[in-house]
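Everything quoted here is computed from the prediction, not taken from an experiment. Every chain is numbered from 1 and lettered A, B, ... according to where its sequence line falls, protein lines coming before strand lines.
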Amino acid sequence: LAKTTQPISMDSYEGQEVNITCSHNNIATNDYITWYQQFPSQGPRFIIQGYKTKVTNEVASLFIPADRKSSTLSLPRVSLSDTAVYYCLVDDIGNAGNNRKLIWGLGTSLAVNP
Amino acid sequence: DGGITQSPKYLFRKEGQNVTLSCEQNLNHDAMYWYRQDPGQGLRLIYYSQIVNDFQKGDIAEGYSVSREKKESFPLTVTSAQKNPTAFYLCASSIRAGGLYEQYFGPGTRLTVT
């Protein structure tokens with residue numbers, strides 16, 4: 001059974017770069033990797049999505065090695081407001097049928113300290 | 001003002017009662033999802049629907065039921081058969097498939113059953 005594994009928690013300081021890695025050894029050819037951010041008592045919010053190599057947007061970068069068995073979310077220069085839980089999702093997003101696969105990690109609780 | 005809404009934010013029920021959680025979206029998305037989140041846990045998929053009048057069980061569908069009579073609406077009923085219904089329930093929507101996409105989440109409903 002496919003599974004995604006990520007660290008339970010991480011600590012950092014303001015201004016540092018934070019890298020959170022997700023392991024997904026059984027990822028399939030059609031699967032994409034997506035990362036979400038969640039604050040307490042709110043719905044998750046999309047951060048970034050990728051299939052392979054590197055993707056960058058205005059808030060984060062996503063690094064995916066050639067074998068795609070892991071992915072690393074990189075948050076540059078974190079601030080106190082980045083304290084949240086970060087989830088990795090493996091998803092066959094091209095599947096329009098009735099056997100969708102949505103494999104969520106258990107989340108990484110990031111604490112950014114002053 | 002496009003988005004996804006869930007109501008109510010907090011819901012209290014007595015054990016043995018069925019309760020229906022509302023989820024509405026005006027994003028013109030075909031796909032909708034219901035998740036359950038327990039304290040310190042990740043997201044677990046209850047049901048999803050790729051298109052109107054069709055829906056599929058997720059990983060933990062027992063004790064829940066859904067309907068998808070309209071594109072905009074995907075209500076979730078927590079039945080008395082659900083053994084541990086107290087949780088934070090999240091609804092999401094997305095385009096059906098293909099390309100890069102994200103799930104848009106509602107603010108969640110916190111259900112307490114005593």
(request) Count the heavy atoms of every other residue, nucleotide or ligand shown that sit under 6.0 Å from CD of B:Glu62, and state whether that count exceeds 12. (result) no

(message) Counting heavy-atom pairs under 4.5 Å with chain A, which one of B:Leu45, B:Ile51, B:Leu43, B:Asp30 comes out on top?
(response) B:Leu43

(request) Using non-hydrogen atoms and a 4.5 Å limit, figure out which bit of A:Leu89 sits close to chain B: side chain, backbone, both or neither. (result) side chain

(request) Report the residue from B:Tyr35, B:Phe88, B:Trp34 that forms a ring pair (Phe, Tyr, Trp, His ring centres under 6.0 Å) with B:Phe105. (result) B:Tyr35

(request) Using the six-membered ring wherever Trp is involved, compare the ring planes of B:Phe55 and B:Tyr47 and label them parallel, tilted or perpendicular (cut-offs 30° and 60°). (result) perpendicular

(request) Tell me, out of A:Ser41, A:Gly107, A:Gly105, who's got the most heavy-atom pairs with chain B below 4.5 Å. (result) A:Ser41

(request) Could you verify whether a donor N or O on one side chain and an acceptor N or O on the other, from B:Gln56 and B:Tyr48, lie under 3.5 Å apart? (result) no

(request) Run the salt-bridge test on A:Asp31 and A:Arg68 with the 4.0 Å N-O cut-off and return the result as yes or no. (result) no

(message) Using heavy-atom distances under 4.5 Å, tell me whether A:Ser109 contacts chain B through its side chain, its backbone, both, or neither.
(response) neither

(request) With a 4.5 Å cut-off on heavy-atom pairs, point out which of B:Arg44, B:Gln37, B:Arg110, B:Lys57 contacts chain A the most. (result) B:Gln37

(request) Specify which of A:Ile8, A:Leu102, A:Thr34 makes the most heavy-atom pairs with chain B at under 4.5 Å. (result) A:Leu102

